[in-house]
Number of protein chains: 2
Amino acid sequence: MARVYDFSATDGTDIELLGGKGAGLARMTSLGLPVPPGFTISTEVSRAAMTSGVVSPELWPEVKEAIERLEKVTGRTFGRGPVPILLAVRSGASISMPGMMDSILNIGINDDVVDALAEWSGDAHFAWDAYRRFVQMYGNVVLGVNEHLFQSVLTDLRTFRGVSSDAELGAEDLESATRRFQSIVEDHQPGQLPRDPMEQLSGAISAVFGSWDSKRANEYRRINRIPNDLGTAANVQMMVFGDLGDDSGTGVAFTRDPATGARVTYGDYLPRAQGEDVVAGLRNTLTLEDLAQLHPECHDQLLDIMNRLEQHYTDMCDIEFTIEKNHLYILQTRPGKRTAAAAVRLAVAMYHEGLIDRAIAVSRVSPASLEQLHRPRIADTVDLEGAATIGVAASPGAATGRAVFSSEEAVNQARAGETILLIRPATTPEDIHGMAVASGILTTHGGKTSHAAVVARGMGKPAVTGAASLLVDVHSSSASAGGLEIHAGDLITIDGTSGAVFFGTVDLVEPESLPELAELLGWADEIRTIGIRANADNAEDAVIALRRGAEGIGLARTEHMFMGERLGVVQDIILSTDPEARKSALLHLEQLQIGDFEALLEAMDGLPVVIRLLDPPLHEFLPSRLELEREMLRRVRSGLPIDDLQSMSDQVGIWEEDNPMLGLRGVRLGLMVRDLYRMQARAAAAALVRRIKVGGDPHLEIMVPLVADVEELSRMRIVITEELDAAGDSAGIDLQVPIGTMIELPRAALTAAEIAQVADFFSFGTNDLTQMTYGLSRDDAEALFLRDYLEQGIFKTDPFQTIDRAGVGRLMRVAAREGREANEDLIVGLCGEHGGDPESIAFVVELGLDYVSCSPPRIQGARLAAAQAALSSGIS
Amino acid sequence: MARVYDFSATDGTDIELLGGKGAGLARMTSLGLPVPPGFTISTEVSRAAMTSGVVSPELWPEVKEAIERLEKVTGRTFGRGPVPILLAVRSGASISMPGMMDSILNIGINDDVVDALAEWSGDAHFAWDAYRRFVQMYGNVVLGVNEHLFQSVLTDLRTFRGVSSDAELGAEDLESATRRFQSIVEDHQPGQLPRDPMEQLSGAISAVFGSWDSKRANEYRRINRIPNDLGTAANVQMMVFGDLGDDSGTGVAFTRDPATGARVTYGDYLPRAQGEDVVAGLRNTLTLEDLAQLHPECHDQLLDIMNRLEQHYTDMCDIEFTIEKNHLYILQTRPGKRTAAAAVRLAVAMYHEGLIDRAIAVSRVSPASLEQLHRPRIADTVDLEGAATIGVAASPGAATGRAVFSSEEAVNQARAGETILLIRPATTPEDIHGMAVASGILTTHGGKTSHAAVVARGMGKPAVTGAASLLVDVHSSSASAGGLEIHAGDLITIDGTSGAVFFGTVDLVEPESLPELAELLGWADEIRTIGIRANADNAEDAVIALRRGAEGIGLARTEHMFMGERLGVVQDIILSTDPEARKSALLHLEQLQIGDFEALLEAMDGLPVVIRLLDPPLHEFLPSRLELEREMLRRVRSGLPIDDLQSMSDQVGIWEEDNPMLGLRGVRLGLMVRDLYRMQARAAAAALVRRIKVGGDPHLEIMVPLVADVEELSRMRIVITEELDAAGDSAGIDLQVPIGTMIELPRAALTAAEIAQVADFFSFGTNDLTQMTYGLSRDDAEALFLRDYLEQGIFKTDPFQTIDRAGVGRLMRVAAREGREANEDLIVGLCGEHGGDPESIAFVVELGLDYVSCSPPRIQGARLAAAQAALSSGIS
């Protein structure tokens, strides 16, 4: 198989081989669009290099031949005059990782070529700027020389010349800058800066392949769950120059508005600039309307191309273009990153435009992104006049957080539990970490296509960019606007929908629902093969869940009903030594539980409601001994008595456990703590009777947690059935209540065939199942090492986010299969956080379970993910 | 199938159908021995009754027919004169449960029959004694009337008559006692005491079946791991009377000495008594030598029968006999309970006598009992003259403990962690609980065949019985002998080998080894199919393990090398904020570890030594925060400064975990705590090199704990290999060290195929695997609920004692199979406490693993258990 593919040699359909960028270039070339010629080095070369540790030497002869073809096609020459070709080498994986990997531009320049270039262009300033850009970029990207060293040379020059931009420097300044850059590189990497153009090219290609394995690329893949072994292609393309005088420029455009999905084109244009300048967001940009004024023909040609590309790709496209002396070139196209709202609107609109069918529309929206749609926005009552400043509305939604001025600080503060908002002049790929933990992002530079904007939209976070009137001082960690000042730690609010920035907090409200979303989810509901229930512990959550499309409650955690002001009653039950006092506390709690259950059944009238009996260890309802000892210490120091605490501490000690996760909880409480489960079953039965008596249609199910052995469930089933029968008998109603169990211990999964004989349903508790299967407490692991494990790639994915198929998933497969073989009426679902995770939902669809249950905010995503899984597995 | 089998109707080979006692009676009958006639109601009747809740009514006609046959054979009559038959109904399960179930004697007596009996025997005293015994026993056993009520009537009568024993009462006294007994029963259970003999019989049979499910029987089965669903037979037999005057009596005999295994007959005889009187141990007994004086013919006949029975059963027999007016009757035979030493000596002796082959000899000894052989005995330097008293040497070995005077107190004290010694006048089946937790048992009554003696030997505990000069006052919880007094809580020592009782403590020593044991274990070693290694953490344990026959070390826990005076060094490593200080502490520990490993390799020269890298969480090496807070409180109260503790507490807080069992431990430490595993690997490599250089033959293996994912082991393998290569290179030696992993997390078992590709061996850590599979922390569960779970039968066996085949075992099967499929050279073993458990060893043999590793005291038992498992699975 070939290693090198000219853009004109394929139709660009093999994205895995060519990468996204390479495939797009080939595709556009085959469509006859004005793409500067070049070639793609396939992803296989990168994969082979990862295995062997070095780029195959057989590549270079192929590259040389491709260059010769390039010279023939263009009539120009690489590495010499009269019309020298400069080359760009850009990475391009099969899955887009914008800005994460390296590019090197202006390759093929040296002391000879710079003169030829000056002569050809008639612009020595341009030629020397290209040369200094090459030395700077190669020095920094390939040889690792600190960027600041180069920047300070330019700063000195500007200061010396008394100008504010590099464009104002003279050709001789740029020549001198180039020479100083060369010395800097020579100082740090002696003999490493090639003069030979082919050496420059091979160095650049190797560096691009190497950048696949950079820390930030790995981090990005981890966050976006992209496999590490895909590798990247490298695209070698003839440079066209957006900085070749005033009739040149470069820009980025979207075929529709990536923030709203509206059917309007959108773009940023920078005259006299090279491509990276737009994305870097360091200069503020012009709009497409401005472009129409400057280059009407190019503008019309661009709009025509954008239209053709959207029709061709049947999706919103993100296009990079350059105008070189009034000639339009298209440098890249790809599906544009979009906000969740835009994705939904686009998908539905394109269906109605006849571009795509419903299945594709459903597939076009990321299930996880739907949570964004419910992110708060600034209340209408808030006067935007009160904003400290208004920037670019780069990623919608509002966010409030404590100001931080560096990504390191963002990570530290977030680890300490703070909600933070990241403020930067502009973001770079080095900021990925900080952006990932921020509630929102605010930059003073860049437009809607800047790094900050693109990444924030990808992450579904609010962002305001280009807030130019905000003066940020990262050294003193402060910012000011309109005479007001904030410092690190102060609260700040941004509204990515309007671009408004407020110092302090303002009222936020839930956003209106999107009519297109209901339409799209309706299609998803028709496609999906599993039910979607909600985890909800009270009627309020149940109502929200219903509104989001839940088909019942898959998990109502009764322990949540034991908290708050009821804690005293629960403590009485646990600690009472007087049987009468204990009995009366139990009775009190029973009355409260009846009300809880009744409200849930009423909210979910006609739909199933699975009530899980008490799960956590009882000491969760008591203060910890450490807390008590500390309070004692405090009191002793203040000369106060501590006897009451002393006796409380002794009592608490009885219930204390070394490993509460593995202790007296779940059904063990039901069996060991007299009357507790019986009381809950009685309360549930009473609520059921009340609902039936008022004409309701309650569908109660009772679930026993933490069963390890069939005998535990058998015995609890008897107790629960006794209470249901008693309540039913005295009300004269035959109460039909399925009784089931969580499958959350490996042993329950392994003995599912036995357990299924006394269970009406199973519900996988994959959080506990993951903890036990891995021998890993989620809380402890996250505090101490799970993040490191993921960063170092020891675990490929976080098993608490996505079901581990090899271990946990294998147990689930065994349990579902053997449980159903033993009891053909067995209903099998999943409740817990994995129920809202699209990949885990895909696994559930594959296993053929009956439903997933997830938290209300994730229900719409789950509906969509279930449909997508059905589509991709072909079982819809 | 029939429900009733006459003793003369079968050859007594079907023990499962007839129970042990019934089979023995049938067998002896078929051998022509003088067995009183009768019949057995099969165990199936009991099993059917357990299922349906009631004894099948179809039984009674069959019983009636059997009675008619009995009348025909004996020429006597049931329920009327002239020669009335009285019947005994005795339980008899297929597995012996001595004393655990009920017997009812003298059935068939009423106001008419008592007269006939008096006339036939010419002994009204005897007849009325039989009647009062019947009323007492039926009232107590069948109808549940408190025994004390009857006893106080007898006490009153004796006081009134001024006599000390019932035998001295007159016939009229016994008649009056009978009448008073009848009123007592009538008061408590009106109309329930049958006059009709057939009703008496059916009541007694039902009660015997019911006693299978008594609390004490269930407890006994739990301790001895006898299935609950076996059921019992009921044996109905014509009474013969050991209390029919001075030429009558009753006794128990063993064909060899049950305490030592010596080839001497041994027996207890009580003139003028019924059978239960011997076992109850309330009267002190005569010996067989005494019997030879009293009844020379019966004595000779008895010895002849004992000889025939031993030849027939090819085992030591326990025989109950009665002499009625100089006629010998045999009432029961069964394999005699024996001490471990006796079992070993008997098995080896019988092999040499040609009675049994080696396989049977190996099967005759309980593996668990071998630990007894290493129980301490009184040092030779101890003067027995110093004993407070000397009783019967009922079960060998010495024990020291705090005196307790009731079984309830024994249980309470044992739960609180005390080593206790149970002192009772005599024990009854109600004492099983207390005996199970005692280190030794001391009674003032009873001989070597008393309940206390039999049960203690069964449990492998030292016991002294019949210490008649010890005056015990259970009410004041004190005892005195020779003018000395002890109270509850005082230390007391017994020597069950000599019968000596000491107040306080005396020197104890390890016993000499038994030459017969070495011979027997040699046979076992030839038979067994798996290797036996030891869990040993230091050279001393390794030497003991070798002496017991270990073939290597399967588990050396390096954390045990971190304790004691080294704790400070370890704390420095954990808490140091200064990198240099940390480095120097690590280096210090490395030097210490080299010595540890060297000593282990030297002790086990030529045999494999598996070193497990550090497993427990680091905070196990730090004080707990609760402890620190308490110390702070104490200091504050004393006005002392607490700053150092405060900062220590903060540091400790960093490492603290909610669920340490599921936290940062095992390989997670290896990956996250810089240089820790590397240091251990380097130390192991250095020790290996040192041993090779001095001409040793070390076989080091390195084991990584708590692997959940193959990637963890892959990475650690690289680190370990680097250190081994470095050490080998610098010494010029090619170090061959297998690197393997514990399989102790469900996920490791489920992904064994992957892990096996980077492992040279697996070692199942079944303790952790059980904890994770059940979601059950052993320590927490034992403190809070596991005992209750077992008592209530929710768990049938303790999964921490015996491998749970359905869950944990299933994971092991998967891991062993898939691991070996992936790596055909994979060695698979098991280390941990299950490695010493015979049932778990049987499972390991079934799985075809390579070895088990257990603690040194259990090695000999493991060798034997492995042989027995090979024999019973037919794979030897």
Side-chain angles (χ1 to χ4, degrees), chain A residues 624-626 629-630 632-633 636-637 642 654-655 657-666 668 671-672 706 708-709 711-712 715 744-751 754 768 771-781 783-785 788-789 792-796 799 804 806-808 810-811 814, chain B residues 624-626 629-630 632-633 636-637 642 654-655 657-666 668 671-672 706 708-709 711-712 715 744-751 754 768 771-781 783-785 788-789 792-796 799 804 806-808 810-811 814:
Chain A
S624 83
R625 289 178 101 185
L626 192 63
E629 296 285 336
R630 291 200 161 161
M632 276 189 242
L633 190 61
V636 166
R637 285 172 150 177
I642 60 164
I654 296 171
W655 293 97
E657 294 175 299
D658 290 338
N659 294 281
M661 195 73 77
L662 304 174
L664 183 54
R665 49 177 287 235
R668 297 163 192 168
L671 288 161
M672 293 294 127
L706 215 77
D709 189 285
E711 187 68 19
E712 296 171 311
R715 294 192 185 203
E744 55 188 339
L745 298 176
R747 194 174 190 279
L750 293 161
T751 61
E754 290 178 46
D768 264 319
Q771 297 200 91
M772 306 306 175
T773 304
Y774 274 86
L776 195 67
S777 144
R778 175 170 195 169
D779 293 339
D780 293 322
L784 283 170
F785 64 94
D788 290 333
Y789 252 54
Q792 295 177 25
I794 301 171
F795 287 172
K796 303 293 175 256
D804 153 53
V808 177
R810 185 171 179 183
L811 287 175
V814 162
Chain B
S624 83
R625 289 177 103 186
L626 192 63
E629 295 287 334
R630 293 200 161 163
M632 276 189 241
L633 190 60
V636 165
R637 286 172 151 176
I642 62 165
I654 295 171
W655 294 97
E657 294 175 299
D658 291 337
N659 294 282
M661 195 73 77
L662 304 174
L664 183 54
R665 48 177 289 235
R668 298 163 190 168
L671 288 161
M672 294 293 126
L706 215 76
D709 188 286
E711 186 68 20
E712 296 171 310
R715 294 192 184 203
E744 54 188 337
L745 298 176
R747 195 173 188 279
L750 292 162
T751 61
E754 290 178 44
D768 265 319
Q771 295 199 94
M772 307 306 175
T773 304
Y774 274 86
L776 195 68
S777 145
R778 177 172 193 164
D779 293 339
D780 293 322
L784 282 170
F785 64 94
D788 290 334
Y789 252 53
Q792 295 177 25
I794 301 171
F795 288 172
K796 304 291 176 257
D804 153 53
V808 177
R810 185 171 178 183
L811 288 174
V814 163

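Below, chain A is the first sequence line, B the second, and so on; all start at residue 1.
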Under 4.5 Å, counting heavy-atom pairs only, tell me which of G666(A), P660(A), G663(A) racks up the most with chain B. P660(A)

Could you give the distance from CG (L662(A)) to CG (N659(B)), rounded to the nearest 0.5 Å? 6.0 Å

Partner residues of R630(B) under the side-chain contact (heavy atoms from CB on, under 4.5 Å) criterion, sequence neighbours left out: R625(A), E629(A), S649(A), L626(B)

For I794(B), enumerate each residue passing the side-chain contact (heavy atoms from CB on, under 4.5 Å) test, keeping only those at least two apart in sequence or located in another chain. L671(A), M672(A), E711(A), E712(A), R715(A), Y789(B), Q792(B)

Ranking T751(B), L784(B), D658(B) by heavy-atom pairs under 4.5 Å to chain A gives rank one to D658(B)

Compare all side-chain heavy atoms of R637(B) with those of V636(A) and state whether any distance is below 4.5 angstrom. yes

With rounding to the nearest 0.5 angstrom, report the OG1 to CG distance, T773(A) to L811(B). 8.5 Å

Residue part contacting chain A, namely of A806(B), when any heavy atom lies under 4.5 Å: both

Under a 4.5 Å cutoff for heavy-atom pairs, which residue among G775(B), A749(B), A708(B) has the most contacts with chain A? G775(B)

Minimum side-chain heavy-atom gap R810(B)-V814(A) below 4.5 Å: yes

Sort D804(B) into side chain, backbone, both or neither according to what part of it lies under 4.5 angstrom from a heavy atom of chain A. side chain

For the side chain of D780(A) and the backbone of E657(B), is there at least one donor-acceptor N/O pair under 3.5 Å apart? no

Contact summary for L745(B) and Y774(A), nearest pair of heavy atoms: CD1-O, 3.2 Å

So which residue, L633(B), D768(B), D788(B), ends up with the most heavy-atom pairs under 4.5 Å with chain A? L633(B)

Can you tell me how far CG of D709(B) sits from NZ of K796(A), rounded to the nearest 0.5 angstrom? 7.0 Å

Spatial distance of atom CE (M772(A)) from atom CG (L776(B)) [nearest 0.5 Å]: 9.5 Å

Quick one: which of R668(A), M661(A), M632(A) has the most heavy-atom pairs under 4.5 Å with chain B, could you say? R668(A)

